[in-house]
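The structure under discussion appears below in the form of C-alpha cells.
Keep in mind that this is a model prediction, so the values were computed, not measured.
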2 protein chains.
Amino acid sequence: MESIVNKVLDQTDVHILDILQKEAQLSNTEIAKQVNLSPPAVHSRIKRLESEGYIIRQVAILNQEKLGFDLLCYIFISTDIHQAEELHRLERALVEMPEVLECQCLTGEYDYLLKVANKNRKDLQDFIRKLNKLGITKIQTSLALREVKYSTVLPIMET
Amino acid sequence: MESIVNKVLDQTDVHILDILQKEAQLSNTEIAKQVNLSPPAVHSRIKRLESEGYIIRQVAILNQEKLGFDLLCYIFISTDIHQAEELHRLERALVEMPEVLECQCLTGEYDYLLKVANKNRKDLQDFIRKLNKLGITKIQTSLALREVKYSTVLPIMET
DNA sequence: AAATTCGCAGAATAATATACGGAAAAATCT
DNA sequence: AGATTTTTCCGTATATTATTCTGCGAATTT
C-alpha cells in the first residue's frame, strides 16, 4: 500500500507545511504556484504529510473577544497525589474540561500550568472550585490583561 | 453591499463555528448535514462569520515533536522600560520573533509571559540572549516537560 | 401590503481525486 | 564501470465532488 517508513522531509515539504500552518484554506492550485509544482503533486504531498502525522489537524481560530471570553488566565497548580493511577485520573479530568485550553507539565515549583478561558468571574470561580475538588492543593492564578501575540505557527522555515 | 451592523449569533451560527474550530477542512455539504441546512446556506453563513470577524483564520496544526521542537518553554519577563514608545518597540520585537508563539501581559510579579518554541538548548540560549538585548531585566524560564493538552477550541457550546 | 430576511434548488465554475505515461535518479547485475 | 532494471515523482488528462452564484419563494417584520 504505502511506505511505513517516514522519509525525511525535503525543502518543498517544509514549504508546504509552512504555507498550511499559516493559511490552511488555500487551494492546491495556489499552493502549487508558490512551491512550483502541479496541483496534483501538491495534493499527494499533503496527503502524505497527513498520513505520516506531520499535520495533526486543521482548525479555525475564533475571535475570543467577540465570543465573550474576556477572562483568559494562566493557572499554576500543584497536587499531593503521587500514585500513578490517581494522577492519570486527574490529568484525564483536566483534558476533558473545555475551559482548559492547555495543560503542560512544567519544571519549577508547580506541577502543571493551565491556560484557561472563561466568560466572567463567576465562571472562573466555578472552575477553581472544580480544581479544588480534583485534589489540587496549591493554586496560583495570573490574569491575562492583554494578548500581545497568539500564534500556532512553528518557526520551521528559519533553519 | 452588506450589513455593517453585526447581528447577534443564533444557535446555528454557534454550531457552525464550533464545527469549524474543531475540523476546519469539512466541506459545506458535511457541515450542512450536521446543522440541518443546505450547503449554500452554510456557505453564506460562514462568509458572514468571516466578514464579521468571528473567524480570524484557518490554520493547520503541525506535530511539533516530529518537526524537532523539543524545547517548549514558558518564560516570564520584566522590563524597566516605562516610556510608551519604547514599550511598543519591545512588543513589536517580541511579536516579530518566530520562536515566540504567545506573548501575554499578565497580572503579577512579571510584565509578560512568553510561550517559546526552540529546537535545542543552543537555540534557547541564543533566544534568551536576544531578550537581554531588548531591555529585559528579569527572566524566569520554565521548561515544558510534557504536553497534557493543547487546544485552540473555545468552549462556545457549553453555555 | 410592502419590504426584508432567510432558506432551497439548480446551474456554472472551480477544486479535489485518480489514473496513466514518462523522465530522472537509485539500485542491481553483469 | 557500464548497462539494465526498479523506483520515485512529476505532469497531463479526466472524472468526481465541492464551491459559488443566481433566481425564486416562504415566512416574518414593518
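Comment: B:D111 does not engage B:K138 in a salt bridge, judged by the lack of any side-chain N to carboxylate O separation of less than 4.0 angstrom. A salt bridge links A:E99 with A:K130: the closest approach of a Lys/Arg side-chain nitrogen to an acidic carboxylate oxygen falls below 4.0 angstrom.
Rounding to whole angstrom units, CZ of residue A:R48 and C1' of C:dT16 are separated by 18 Å. Nucleotide D:dT22 holds its C1' atom 17 Å from the NZ atom of B:K47, rounded to whole Å. Here D:dG11 presents its C1' atom at 18 Å from CD1 of A:I31, a figure rounded to the nearest Å. Per the geometry, CD1 belonging to B:I46 stands 11 Å off C1' belonging to D:dT19, to the nearest Å. Atom CD in B:Q58 sits roughly 11 Å away from atom P in D:dT19 (whole-Å rounding). The distance between atom CG of A:D13 and atom C1' of D:dC9, rounded to the nearest whole Å, is 12 Å. If you take CD of A:E30 and C1' of C:dT16, they are 14 Å apart, rounded to a whole angstrom. Rounded to whole angstrom, the span from the NZ atom of B:K33 across to the C1' atom of D:dT17 amounts to 12 Å.
Under the 6.0 Å distance and 45° angle rule, B:K115 does not count as a cation-pi partner of B:Y74.
Minimum atom distance to the side chain of B:T29 is reached by D:dT19, of the listed D:dT19, C:dA15, C:dC8. With C:dA15, D:dC10, C:dC8 as the choices, the nucleotide that has an atom nearest any side-chain atom of B:S38 turns out to be C:dC8. Checking D:dG11, C:dC8, C:dT16 against the side-chain heavy atoms of A:L37 singles out D:dG11 as nearest.
The residue B:P40 sits close to a base: some heavy atom pair falls under 4.0 Å.
Distances shorter than 4.0 Å separate some side-chain N or O of A:R45 from OP1 or OP2 on D:dC10. Side-chain N/O atoms of B:H43 include none lying less than 4.0 angstrom from OP1 or OP2 on D:dT19. Put simply, B:N28 has a side-chain N or O that comes within less than 4.0 Å of OP1 or OP2 on D:dT19.
The shortest distance between side-chain heavy atoms of A:Q21 and A:D18 falls below 4.5 Å.
Between the side chains of A:Y150 and A:Q64, no donor-acceptor pair is found at a separation under 3.5 Å.
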